[in-house]
Asker: 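Pasting a structure below so you can have a look.
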Amino acid sequence: MGSGNEEGAMWSIFGYLISGLIIWGGIGWALDNWLDKNFFLLGGLLLGAGSSLYLTWLRFGRN
Amino acid sequence: MRKFAFAESGEGFVPPSTADFNLPPIFGTNEYTTKPIFLVLFSVILISAFFIIASRKALVVPSKLQFAGESVYAFVRNGIGEEIIGREFMRFVPFLFTLFTFILTNNVFGIIPFLQFPTMSHVSFPYVLALISFVVFHYVGIKKQGLGKYLMGIAFMPGVPKFVYILLTPIEVATFFLVRPLTLSLRLFANMFAGHLLLLVFILGGDHLLKGVIGLKLIAPFAFAFGIGMTFFEFMVQCLQAYIFTLLTALFIAGALADEH
Amino acid sequence: MEGTLNLVGYGLSAIGPAIATGMIFAAYISGVARQPEARSVLQPIAFLGFALAEALALFGLVLAFVL
């Protein structure tokens, strides 16, 4: 377990966060455009960030 | 998005922009003969020649050239391969070594006088490298674990209540198949692009100051000194980016080899 | 020169997470340097803190594009 592992963990956390925001934020954005509302985007972003953080906790946070 | 614009003050200074990266073709109008293409070809010749010469007469007491070649090889094999991948690392050392030396050489071209263009600041080159890395680590994982088990391992995190999979599976799949290769290539591209732009700002800005009135002429040396300092900083960034690209590729391979990633 | 003010706002909003990430890893490194056996305890905490700070930075990035 060298320092490379921490470097890799950091980048993979970054990847999780960015894909969570893109996926769920993108779904929210699409719902906004479809249904002509404006709160789905914020909800999607919060949901994406929350589930990414949960995934990070599952992968790196529990011992 | 709200736009804003500054009026050009008419001083005649053209700030460096993305247009500075689209170099004209060298021979006539054939668009395949631009500088980056020749730099890539040159780097391949350079790397091959260097390592063939360095390893041709392998002695127990190495010459200086052999020592240089061997220390680069040992750095990749021990520092990246053995440390990260572990037991089966020897299979991947040629791939990692090629990746590291290729990216390092092409990056360092950015600060070598007369070449002075980092090839990787054209985004298509990092895309291809990330595609190769993407194919390799998925192929390794599928071959080791079988297609179904590998995909299930990616998509479904063990030890989670069932309904949470609706939230997590899209994120996992997107991370493995989209975000990883994308961030891998964009990180290298963005670092090289921004670094080259930074050097252009300092050097071209200093050059423009030199043409100004006497007060501005006195400031110009500071701009050039900053440019030189930034050149050394760029050298560090270029080595670091080559290392990080290889390291992350090795980490992805190690993750694909591990039973539960 | 042309551009959007959103990018200026994103630049400003990235300052906070940048400082936070620096402080988190500074504390983590000095903790591990003092007590190497505490690494397995500190590592998850450092990574979760990093993830929280980074999530805010990425929020700023997404909102800079979307708004």
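Every chain is numbered from 1, with letters handed out A, B, ... down the list of sequences.
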Asker: Could you pull out the closest heavy-atom pair between A/Phe40 and A/Leu35, with the gap in Å?
Answerer: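 Looking at all heavy atoms of both residues, the shortest contact is CE1-CD1, 3.8 Å.
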
Asker: Report the distance from atom CZ of A/Phe60 to atom OH of A/Tyr16, rounding to the nearest 0.5 Å.
Answerer: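 Those atoms lie 6.0 Å apart.
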
Asker: With a 4.5 Å limit on heavy-atom distance, are the side chains of C/Leu61 and C/Tyr10 in contact?
Answerer: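 Yes, at least one pair of side-chain atoms sits under 4.5 Å.
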
Asker: State, with a plain yes or no, whether a side-chain heavy atom of A/Ile27 is found less than 4.5 Å away from one of A/Trp24.
Answerer: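 A/Ile27 vs A/Trp24: side chains touch.
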
Asker: Among C/Ala51, C/Ala55, C/Ala46, which residue has the highest count of heavy-atom pairs closer than 4.5 Å to chain A?
Answerer: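 Option with the top pair count is C/Ala51.
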
Asker: Quick check on the structure: residues of residues 44-54 of chain A within a heavy-atom distance below 4.5 Å of chain C, by number.
Answerer: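 So the qualifying residues are A/Leu45, A/Leu46, A/Ala49, A/Leu53.
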
Asker: Just so I know, are the side chains of C/Leu58 and A/Phe14 near enough to count as touching, which here means a heavy-atom distance under 4.5 Å?
Answerer: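 C/Leu58 vs A/Phe14: side chains touch.
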
Asker: Applying side chain to side chain contact (heavy atoms under 4.5 Å, CB included) between C/Val62 and each of A/Leu41, A/Ile22, A/Leu21, report the one that passes.
Answerer: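 Looking at A/Leu41, A/Ile22, A/Leu21, the match for C/Val62 under the side chain to side chain contact (heavy atoms under 4.5 Å, CB included) is A/Leu21.
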
Asker: Is there any side chain to side chain donor-acceptor pair (under 3.5 Å) pair reaching into residues 20-29 of chain C, and which pairs are they, with sequence neighbours excluded?
Answerer: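 Sorted result for residues 20-29 of chain C: A/Glu6-C/Tyr28.
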
Asker: Does any backbone or side-chain atom of C/Phe47 lie under 4.5 Å from a heavy atom of chain A? Answer side chain, backbone, both or neither.
Answerer: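 It is both, since atoms from each part get that close.
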
Asker: Which atoms of C/Leu48 are under 4.5 Å from chain A, going by heavy atoms: the side chain, the backbone, both sets, or neither?
Answerer: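 Looking at C/Leu48, just its side chain touches chain A.
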
Asker: Please flag which part of A/Leu17 lies under 4.5 Å from any non-hydrogen atom of chain C: side chain, backbone, both or neither.
Answerer: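 Both the backbone and the side chain of A/Leu17 come within 4.5 Å of chain C.
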
Asker: Is C/Leu52 close to chain A through its backbone or its side chain, or both, or neither, when contacts mean heavy atoms under 4.5 Å?
Answerer: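 For C/Leu52, heavy atoms of backbone and side chain both lie under 4.5 Å from chain A.
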
Asker: Identify which part of A/Ile13 has an atom lying under 4.5 Å from any heavy atom of chain C, answering side chain, backbone, both or neither.
Answerer: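 When you check distances to chain C, only side chain atoms of A/Ile13 fall under 4.5 Å.
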
Asker: C/Phe25 versus chain A, heavy atoms under 4.5 Å apart: side chain, backbone, both or neither?
Answerer: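 C/Phe25 touches chain A through side-chain heavy atoms alone.
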
Asker: First locate atom CD1 of C/Ile45, then atom CD1 of C/Ile24, and finally report the distance between them rounded to the nearest 0.5 Å.
Answerer: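 So the gap between those two atoms works out to 11.5 Å.
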
